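Comments concern the structure below.
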Amino acid sequence: MALFGKKENKEEQSLPTVLPQHVGFIMDGNGRWARKRGLPRSFGHREGAKNFKKIVRYCKDIGLKNISFYAFSTENWQRPTDEINTIMELFRDYIVDVRNFLSENTRMIFLGDKSAFDDDLREKMIKLEQDTAHYKEMNLMMAVNYGGRDEIAHSARMLAQQAIDGKIKPEDITEQSVADNLYTAGFPDVDLLIRPSGELRLSNYLIWQCAYAEYYFTDVLWPDFSPKDLDKALIEYNNRNRRFGGV
């Protein structure tokens, strides 16, 4: 199910020559993928992690500049302990393996509050960000312990402290100053937001940055989401008329 005007001949169309500046992915459906096969949810998360790497490689191959992935939300801590442990284990493996499956010139950015993670994991995240900060071919943003409302509240606290310190006045606060204090400061807003699994909501993901994003929903579960599915989303995006409130 791709909403907003799916055409039957989409698969025959070529990728657009002009791609979105920022494509966001909500990686959803890992648990359901496993349940359909009579497997524990942990198996779904492992397959989802494998597919994440495949989609990242493909994004780089076709020339996408900025991509972001919703990996773990502030609300996900409420899940069963064994499931959280599996996700954290996969996250640790990813931090170790990232240099093997990503060639140079890919910058890594973690969106979210790192303070909730163990010291060693937090330090590895920070070091990876520092080591890749000068790479320019592609920016890969991973949202971990992330919530859109929490991010906006964080920006508000930063601005409030600046006001207390006398650096700004309340009347100086603009949309741009709020954006400059978000985790995504310096990166473009989302142009295309893709959510597999059949759910039709943002789930608190980049809600500020998605103000004018085009949404693409599909029934395909994340572990099965393929490069061909991404092609369909990009072609659909290219067929949209983005007016940003204008005529």
Side-chain angles (χ1 to χ4, degrees), residues 23-61 64 66-135 137-147 183-184 194-197 203 205-206 220-227 229-230:
V23 178
F25 296 85
I26 297 178
M27 298 185 290
D28 193 20
N30 294 333
R32 275 170 283 172
W33 184 92
R35 189 168 62 247
K36 285 175 64 176
R37 291 159 176 79
L39 299 170
R41 289 175 61 87
S42 59
F43 279 75
H45 290 300
R46 294 186 187 282
E47 289 302 311
K50 292 178 185 177
N51 197 50
F52 162 76
K53 294 180 181 181
K54 180 172 69 176
I55 295 299
V56 167
R57 289 192 193 100
Y58 184 68
C59 287
K60 190 170 185 179
D61 288 344
L64 288 176
N66 301 281
I67 55 176
S68 62
F69 293 82
Y70 205 5
F72 192 81
S73 74
T74 50
E75 294 80 19
N76 286 157
W77 294 108
Q78 302 172 35
R79 293 188 175 188
T81 302
D82 60 341
E83 183 173 347
I84 293 175
N85 290 340
T86 295
I87 294 172
M88 291 299 113
E89 177 187 343
L90 291 169
F91 189 35
R92 287 178 185 279
D93 291 344
Y94 168 78
I95 295 292
V96 172
D97 189 48
V98 64
R99 297 179 194 275
N100 295 328
F101 84 90
L102 282 182
S103 62
E104 290 190 356
N105 294 324
T106 297
R107 182 178 178 184
M108 189 75 214
I109 305 100
F110 295 101
L111 311 177
D113 182 4
K114 299 182 183 72
S115 65
F117 297 104
D118 292 341
D119 290 345
D120 68 308
L121 184 54
R122 182 169 61 253
E123 290 169 4
K124 288 177 181 178
M125 294 165 66
I126 293 172
K127 187 168 191 311
L128 185 56
E129 288 181 321
Q130 293 173 340
D131 290 348
T132 62
H134 61 289
Y135 294 151
E137 184 176 342
M138 185 175 75
N139 299 312
L140 169 55
M141 292 167 267
M142 180 180 287
V144 288
N145 193 31
Y146 173 88
Y183 297 123
T184 54
I194 298 172
R195 179 164 192 165
S197 85
S203 293
Y205 184 54
L206 297 179
V220 177
L221 301 175
W222 174 253
D224 293 328
F225 187 85
S226 68
D229 292 311
L230 177 52

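For clarity, every value in this text was computed on a predicted model and none was experimentally measured.
In this structure, Ile194 and Leu230 have side chains that are in contact, with non-hydrogen atoms separated by less than 4.5 Å. With contacts defined as side-chain heavy-atom distances shorter than 4.5 Å, the pair Met88/Phe72 qualifies. Side-chain contact between Leu140 and Val56 is present, with at least one heavy-atom pair separated by less than 4.5 Å. In this structure, the side chains of Met125 and Val144 come closer than 4.5 Å at one or more pairs of heavy atoms. Contact annotation: the side chain of Met141 never approaches that of Leu206 to less than 4.5 Å [non-hydrogen atoms, C-beta and beyond].
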Side chains of residues 33-40: which donor-acceptor pairs under 3.5 Å do they make with residues two or more places apart or in other chains?
residue	atom	partner	partner atom	Å
Trp33	NE1	Asp224	OD1	3.1
Trp33	NE1	Asp224	OD2	3.3
Arg37	NH1	Trp33	O	2.9

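Within the 3.5 Å criterion, the main-chain N or O of Leu221 finds no donor-acceptor partner in the side chain of Arg32. No side-chain donor-acceptor contact under 3.5 Å links Asp93 to the backbone of Leu90. Without hydrogens or angle criteria, Asn51 side chain to Trp222 main chain gives a donor-acceptor distance under 3.5 Å.
When all heavy atoms of Asn145 and Ala116 are compared, the pair lying nearest together is ND2-CB, 3.3 Å. Minimum interatomic distance between Ala71 and Met27 (heavy atoms only, all atoms of both residues): CA-CE, 3.8 Å. Smallest separation of non-hydrogen atoms from Ser115 and Arg122: O-NH1, 3.6 Å. Summarising the geometry of Ser197 relative to Asp28, their closest heavy-atom pair is OG-OD2, 2.7 Å, with the distance given to 0.1 Å. Minimum heavy-atom separation, Glu47 to Pro223: CB-CB, 4.0 Å. Asp118 approaches Arg92 most closely through the heavy-atom pair OD2-NH2, 3.0 Å.
Note on ring orientation: taking the six-membered ring where Trp is involved, the planes of Phe117 and Phe91 are tilted (angle from 30° to 60°).
Rounded to the nearest 0.5 angstrom, Arg195 CZ and Phe225 CZ are separated by 13.0 Å. Between the CE atom in Met108 and the NZ atom in Lys127 there is a gap of 14.5 Å [rounded to 0.5 Å]. Separating the CD atom in Glu123 from the CD atom in Gln130 is a distance of 10.5 Å, to the nearest 0.5 Å. Taking CG of Leu111 as the reference point, atom CE of Met142 lies at 10.0 Å (rounded to 0.5 Å). Here Ile55 contributes atom CD1 and Leu64 contributes atom CG; the two are 10.5 Å apart, rounded to the nearest 0.5 Å. One finds the CD1 atom of Ile67 at 8.0 Å from the OG1 atom of Thr106 (value rounded to the nearest 0.5 Å).
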Exercise. Starting from the C-alpha separation in whole Å, work towards a yes-or-no answer on side chain to side chain contact (heavy atoms under 4.5 Å, CB included) for Ile109 and Asn139.
Key: CA-CA 7 Å; Ile109 305 100; Asn139 299 312; 4.1 Å; yes
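Among residues at least two apart or in separate chains, salt bridge (Lys or Arg N to Asp or Glu O under 4.0 Å) pairs with a member in residues 69-89 are Arg41-Glu83, Arg46-Glu89, Arg79-Glu83.
The ring pair (Phe, Tyr, Trp, His ring centres under 6.0 Å) search around Tyr205 returns Tyr70, Tyr146, not counting sequence neighbours.
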